[in-house]
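Here the structure is laid out as structure tokens; the discussion comes afterwards.
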Number of protein chains: 2
Amino acid sequence: MEKLPEITVNRLSIYRRYVKSLLKKGKLLVTSEKLGKKMHFKPSQIRRDLSYVGQFGERGKGYNVKKLSQGLDKTLGLDRKWQVALVGAGNLGRALSAYPGFRQHGFKISVIFDNSPTKIGKTWLGVEIRDIKQMPKVIKEKKIKIAIIAVPYFSAQQAADILMRSGVKAILNFAPYKLAVPEGLKLKNIDLSTELQSLSCFLTK
Amino acid sequence: MEKLPEITVNRLSIYRRYVKSLLKKGKLLVTSEKLGKKMHFKPSQIRRDLSYVGQFGERGKGYNVKKLSQGLDKTLGLDRKWQVALVGAGNLGRALSAYPGFRQHGFKISVIFDNSPTKIGKTWLGVEIRDIKQMPKVIKEKKIKIAIIAVPYFSAQQAADILMRSGVKAILNFAPYKLAVPEGLKLKNIDLSTELQSLSCFLTK
DNA sequence: TAGATTGTTAATCGATTAACAATC
DNA sequence: TAGATTGTTAATCGATTAACAATC
């Protein structure tokens, strides 16, 4: 199969959300024209993106909403539940652990790690905060493959190193630090101040 | 001037962070070769990106760290302070209002809005939470141009509409909703569950 | 069958990278 | 001057879009 560009994956996730809403409304068919109108994408882009991952449509009719929805679930790995480890029980960690969108899509933060004695042992929404020293043990036990790093930048690389040694294969990193990770580990970075900077850059022009 | 691609702006923000650290260490010169090594970019890409916004180097020597740092500050609009309005005093709003990276780069969340009577009137780190109904008045008074939307998806468009009518020109949106905004307003979206989905997609392959 | 719309190919556009002239 | 490195141009690569044959 042709390889799926990252940017296409991001759009698939957006398509999926809208297709789910059509499914809920009981719609049976939808055209690339209609999808494009609603989400402000070109119909040809939608057809191209969808063709990477399967054939969910019927010529002359449009896409079968149910089939499309299931196909997108499958492609994005959302036809199952994922356990996620959260590293860092600060303000950001707290917000992420309560973020409803994760659970809605099958991501469950099932353990939180921190190094602060005042936090270790507490529970947030039923999830225990454990000592970072326990990370390898707990992550291996639970067979966790996805982790979120929400620690200060100066601890981020250390956290990543332990995570990868513990068997984590994909990391979402919120620390403003360019992590060094091995081939085969998927890394996504969200840098909140970079995002704001692109706004101030725009306003400056 | 040639127009500056969004993706280049993002990299400039990364370059800037590293250049600042060189400045702090007292380094006077740095080459695109060295920058590339450190940040894992191609030297030619760095030179191309920097050439969009100015000439900070000297042939045969490298880039003047101080000049480069100031140039990046200026381009990104970080040679000044920005007041930012935060809409939504939930968990995510709380984390954003405490996020140290914003203040470090000159972004000050100077007002928070919510519609919940139990929150209105409280203060977070010295910043008052005000009624959403006061948004047009307060934003105009303070001449705020940048806002962050951290409300549930079903309130996001309404929040955006009020913001734009109040004179806001750039929005960072955390709600998983495709906002309709007029030409001339800069919109950046951060969709936390989409980011996780690209990890689960990777793990599924 | 005629009309509609997918899936795919070809053309276009934009971003990255290599190459190199300019110049310190 | 010789060596180094920028700034910029040209070549390459990859993503978007238009066009259209396939087919319901």
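All values derive from a computational prediction rather than experimental measurement.
OP1 or OP2 of D:dA18 has not a single side-chain nitrogen or oxygen of A:Q45 nearer than 4.0 Å. Distances shown here put every side-chain N or O of A:Y63 at or beyond 4.0 Å from the OP1 or OP2 atom of C:dT5.
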Please tabulate, for the side chains in residues 156-164 of chain B, all donor-acceptor contacts under 3.5 angstrom to protein atoms that are two or more places apart in sequence or on a different chain.
| from | atom 1 | to | atom 2 | distance (Å) |
| --- | --- | --- | --- | --- |
| B:Q157 | OE1 | B:A180 | N | 2.9 |
| B:Q157 | NE2 | B:D161 | OD1 | 2.9 |
| B:Q157 | NE2 | B:A180 | O | 3.1 |

Identify all side-chain donor-acceptor contacts of residues 171-179 of chain A below 3.5 Å with residues at least two apart in sequence or on another chain.
| from | atom 1 | to | atom 2 | distance (Å) |
| --- | --- | --- | --- | --- |
| A:N173 | OD1 | A:A175 | N | 2.9 |
| A:N173 | ND2 | A:A175 | O | 3.1 |
| A:N173 | ND2 | A:Y177 | O | 3.3 |
| A:N173 | ND2 | A:N189 | OD1 | 2.9 |
| A:K178 | NZ | B:M39 | O | 3.4 |

Sequence neighbours left out, cut at 3.5 Å: what donor-acceptor pairs do the side chains of residues 96-106 of chain B make with other protein atoms?
| from | atom 1 | to | atom 2 | distance (Å) |
| --- | --- | --- | --- | --- |
| B:S97 | OG | B:R94 | O | 2.9 |
| B:H105 | ND1 | B:G101 | O | 2.8 |

Show me, pair by pair, the donor-acceptor contacts under 3.5 angstrom made by side chains of residues 22-33 of chain A, not counting sequence neighbours?
| from | atom 1 | to | atom 2 | distance (Å) |
| --- | --- | --- | --- | --- |
| A:T31 | OG1 | A:K34 | N | 3.1 |
| A:S32 | OG | A:R47 | NH1 | 3.1 |

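Scanning residues 31-38 of chain B for heavy-atom distances under 4.0 Å to DNA chain D yields B:T31, B:S32. For the segment residues 5-16 of chain A, the set of residues with a heavy atom within less than 4.0 Å of an atom of DNA chain C is empty.
To the nearest angstrom, P of D:dT6 lies 12 Å from CG of B:N64. To the nearest angstrom, P of D:dT5 lies 14 Å from CD1 of B:I46. As a whole-Å value, the separation of B:H40 NE2 from C:dT16 P is 18 Å. Distance OH (B:Y52) to C1' (D:dT6): 17 Å, rounded to an integer number of Å. Atom CG of B:D49 and atom P of D:dT8 are 14 Å apart (whole Å).
For A:R130, there are no salt bridge (charged side-chain N to carboxylate O under 4.0 Å, His left out) partners two or more places apart in sequence or in a different chain. Remark: B:K186 engages B:E6 in a salt bridge (charged side-chain N to carboxylate O under 4.0 Å, His left out) (not counting sequence neighbours). Partners of A:K20 by salt bridge (charged side-chain N to carboxylate O under 4.0 Å, His left out), not counting sequence neighbours, listed by chain and number: A:D73.
Along DNA chain D, the nucleotide nearest A:R47 and the nucleotide nearest B:R48 are compared for position; the residue whose nucleotide lies closer to the 5' end is B:R48.
Nearest nucleotide to the side chain of B:S51, out of D:dA18, C:dG7, D:dT8: D:dT8.
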Show the distances under 3.5 angstrom between N or O atoms of the protein and N or O atoms of nucleotides 21-24 of chain C.
| from | atom 1 | to | atom 2 | distance (Å) |
| --- | --- | --- | --- | --- |
| C:dA22 | N3 | B:R59 | NH1 | 3.0 |
| C:dC24 | O4' | B:R59 | O | 3.2 |
| C:dC24 | O3' | B:E58 | OE2 | 2.4 |
| C:dC24 | O3' | B:K61 | NZ | 3.3 |
| C:dC24 | O2 | B:R59 | O | 3.4 |

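Using a 4.5 Å heavy-atom threshold, the side chains of B:I144 and B:V84 count as separate.
Across all strands, B:F56 comes closer than 4.0 Å only to sugar-phosphate atoms, never to a base (heavy-atom distances).
The local environment of CZ in A:F41 is crowded, with over 12 non-hydrogen atoms from other residues, nucleotides or ligands closer than 6.0 Å. Residue B:K66 places its NZ atom among 12 or fewer non-hydrogen atoms of other residues, nucleotides or ligands, all under 6.0 Å distant. With a 6.0 Å radius and a threshold of 12 heavy atoms from other residues, nucleotides or ligands, A:K188 has its NZ atom above the threshold. For A:K143, the NZ atom counts as loosely surrounded, since its 6.0 Å shell holds 12 or fewer non-hydrogen atoms of other residues, nucleotides or ligands.
Helical stems in DNA chain C, defined as runs of 3 or more consecutive Watson-Crick or G-U wobble pairs with both donor-acceptor distances under 3.5 Å, are listed by first residue as C:3-24 with D:3-24.
For residues 79-89 of chain A, every residue pair satisfying the side chain to side chain donor-acceptor pair (under 3.5 Å) rule, not counting sequence neighbours, is listed here: A:Q83-A:S110.
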